[in-house]
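Single-structure report; data block below.
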Number of protein chains: 2
Amino acid sequence: MTTTAVRGLRVAELATAAGVRPDTVRYYERAGLLPAPERTAAGYRSYDSGALDRLRFIQGAQRLGLRLADIRTLLTVRDTGTCPCEPAEQLLRRRMAEVDAEIARLLALRAEMAAMADALPSAECPPPSPGTWCPPAGGGDPSCPS
Amino acid sequence: MTTTAVRGLRVAELATAAGVRPDTVRYYERAGLLPAPERTAAGYRSYDSGALDRLRFIQGAQRLGLRLADIRTLLTVRDTGTCPCEPAEQLLRRRMAEVDAEIARLLALRAEMAAMADALPSAECPPPSPGTWCPPAGGGDPSCPS
DNA sequence: CTAGACCTTGGAGTGCGGTCCAAGGTCAAG
DNA sequence: CTTGACCTTGGACCGCACTCCAAGGTCTAG
């Protein structure tokens with residue numbers, strides 16, 4: 001057998017491999033997302049490649065917009081040996097609904113902003129007109145130009 | 001004429017009129033978004049309708065996603081008597097670009113999530129399969145189902 | 001006159017996900 | 001043996017926009 005003395009990754013190596021900072025790795029440990037790793041005689045954290053997988057999973061889930069608390073839940077389920085697909089699917093669907101809502105909101109916003117930008121051409125405003133405004137955004141108030 | 005002793009709004013009245021909390025109004029004052037209002041003999045803040053306009057403007061700008069610091073800049077310009085259209089237009093365009101980028105990001109994300117949701121049908125996972133996963137999201141890894 | 005609803009202030013806390021710090025220990029190169 | 005790069009810990013701090021708190025003052029209805 002290969003002697004299993006593979007000298008685990010130190011925290012900075014793991015962090016670099018995943019593209020995060022050492023502090024972030026330690027933070028995840030404190031937050032319960034990464035298990036406490038083995039330690040060298042000197043007390044240094046020593047990670048195996050499983051930790052990198054886990055870290056990458058966290059990043060993937062985070063990219064979807066899941067919060068660390070959700071991700072922790074998923075990881076906890078997995079750690080029981082159960083596949084976390086079921087909770088993951090729920091989170092996924094919930095998050096998809098959120099994303100859809102956000103897209104809709106932003107599209108509406110974008111349209112509104114475009115209309116606004118139109119309404120102020122290259123805009124020469126009569127110098128002192130305090131009290132009126134450009135972006136009150138609410139109910140059509142192109143009070144500024146023309 | 002109506003005697004102009006219109007008894008200005010107290011902070012809670014202004015806040016209610018705008019749909020925010022009194023603390024928020026005071027916070028805006030501290031943050032330099034609302035000018036220090038007149039005070040009654042007892043030291044109570046007393047607002048006129050201009051404050052409500054201003055507050056509504058802040059809300060409109062905020063709805064566009066502008067940060068309070070940006071809004072303060074706009075308000076500061078206006079307070080000189082100059083129309084803030086020019087800075088407003090810059091902020092508007094910058095923010096539009098941000099919104100566009102965010103929309104694009106979310107659309108890509110949504111597509112990815114939809115593909116993922118497809119990939120886990122109603123998903124019966126072989127009970128203990130730790131190490132593999134559902135949402136690592138990175139490079140196509142439907143490791144969980146089937 | 002008293003109860004209760006409002007007002008004042010400065011400062012602390014919230015949530016989220018980190019990020020930085022100081023004081024001290026460890027390790028490898030030169 | 002020294003230098004410098006790493007590691008350890010607990011805790012403070014960041015940004016953002018609030019939100020809440022305590023301790024005290026004021027106002028108004030009954």
Side-chain angles (χ1 to χ4, degrees), chain A residues 5 7-47 51 54-75 91 94-95 98 102, chain B residues 5 7-47 51 54-75 91 94-95 98 102:
Chain A
R7 203 196 67 123
L9 298 160
R10 275 173 277 114
V11 67
E13 293 170 333
L14 175 66
T16 306
V20 300
R21 301 188 194 207
D23 271 344
T24 302
V25 172
R26 287 187 280 253
Y27 171 69
Y28 286 170
E29 181 180 330
R30 265 189 293 167
L33 292 159
L34 290 176
E38 288 186 52
R39 298 295 183 123
T40 68
Y44 289 14
R45 289 175 178 78
S46 181
Y47 295 95
R54 201 174 174 95
L55 204 38
R56 285 209 221 277
F57 173 75
I58 292 167
Q59 296 183 295
Q62 219 171 6
R63 239 176 41 76
L64 301 181
L66 298 185
R67 282 159 302 161
L68 295 187
D70 293 331
I71 301 172
R72 183 176 47 220
T73 303
L74 254 33
L75 288 165
L91 286 175
R94 194 184 319 159
R95 178 69 190 139
E98 283 174 15
E102 185 65 3
Chain B
R7 201 196 67 122
L9 298 159
R10 275 173 277 113
V11 67
E13 291 169 335
L14 175 65
T16 305
V20 299
R21 300 190 193 203
D23 271 343
T24 301
V25 172
R26 287 187 282 251
Y27 170 70
Y28 287 169
E29 181 180 332
R30 267 190 292 167
L33 292 158
L34 291 175
E38 288 185 53
R39 299 293 183 122
T40 67
Y44 289 15
R45 289 175 178 79
S46 181
Y47 296 95
R54 202 174 174 94
L55 204 38
R56 285 209 221 276
F57 173 76
I58 293 168
Q59 295 183 296
Q62 218 171 8
R63 240 177 41 76
L64 301 181
L66 299 185
R67 282 161 300 162
L68 295 187
D70 293 330
I71 301 172
R72 182 175 47 219
T73 303
L74 254 35
L75 288 164
L91 286 175
R94 194 183 319 159
R95 178 70 189 139
E98 284 174 14
E102 185 66 2

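Considering CG of Leu66(A) and CZ of Arg72(A), their distance stands at 13.0 Å, rounded to 0.5 Å. The line from CD1 of Ile58(B) to CG of Leu68(B) is 7.5 Å long, rounded to the nearest 0.5 Å. Residue Ile71(A) holds its CD1 atom at 11.5 Å from CZ of Arg54(A), rounded to the nearest 0.5 Å.
Taking the nucleotide of DNA chain D with the nearest heavy atom to each of Ala42(A) and Arg21(B), the more 5' of the two is matched to Ala42(A). DNA chain C is contacted by both Arg30(B) and Glu13(B); Glu13(B) maps to the nucleotide lying nearer its 5′ end (nearest heavy atom per residue). Comparing Leu68(B) and Asp23(B) by the nucleotide of DNA chain D that holds the closest heavy atom to each, the one mapping nearer the 5' end is Leu68(B). Comparing Tyr44(A) and Ser46(B) by the nucleotide of DNA chain C whose heavy atom lies nearest to each, the residue mapping closer to the 5' end is Ser46(B).
Computed from coordinates, the Arg45(A) CZ to dC6(D) P distance equals 17 Å when rounded to whole Å. Atom-to-atom, OH of Tyr47(A) to C1' of dT8(D) comes out at 12 Å; the value is rounded to the nearest Å. Note: CD1 (Ile71(B)) to C1' (dC18(D)) measures 13 Å, nearest angstrom. As rounded to whole Å, 10 Å separates atom P of dC16(C) from atom CZ of Arg72(A). If you measure from atom CG of Asp70(A) to atom P of dG17(C), you get 9 Å, rounded to the nearest angstrom. The separation between Arg39(A) atom CZ and dT26(C) atom C1' is 14 Å, rounded to whole Å. Following rounding to the nearest Å, Leu55(B) (CG) and dC18(D) (C1') show an atom-to-atom distance of 14 Å. Computed from coordinates, the Arg26(A) CZ to dA22(C) C1' distance equals 14 Å when rounded to whole Å.
The shortest distance between the side-chain N/O atoms of Gln62(A) and the OP1/OP2 oxygens of dG18(C) is below 4.0 Å. The side chain of Thr24(B) places no N or O atom within less than 4.0 Å of a non-bridging phosphate oxygen (OP1 or OP2) of dA17(D).
Closest approach of Tyr47(B) and Glu29(B) over heavy atoms only: OH-OE1, 3.6 Å.
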Run the side-chain donor-acceptor check on residues 15-24 of chain B: report pairs under 3.5 Å with partners two or more places apart or on a different chain.
| unit_1 | atom_1 | unit_2 | atom_2 | d |
| --- | --- | --- | --- | --- |
| Thr16(B) | OG1 | Ala12(B) | O | 2.6 |
| Asp23(B) | OD1 | Arg26(B) | NH2 | 3.3 |

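Residue contacts shown for Val20(B) are absent, as no nucleic acid heavy atom lies under 4.0 Å away.
Among the nucleotides dC6(D), dG17(C), dA17(D), the one closest to the side chain of Ala12(A) is dC6(D).
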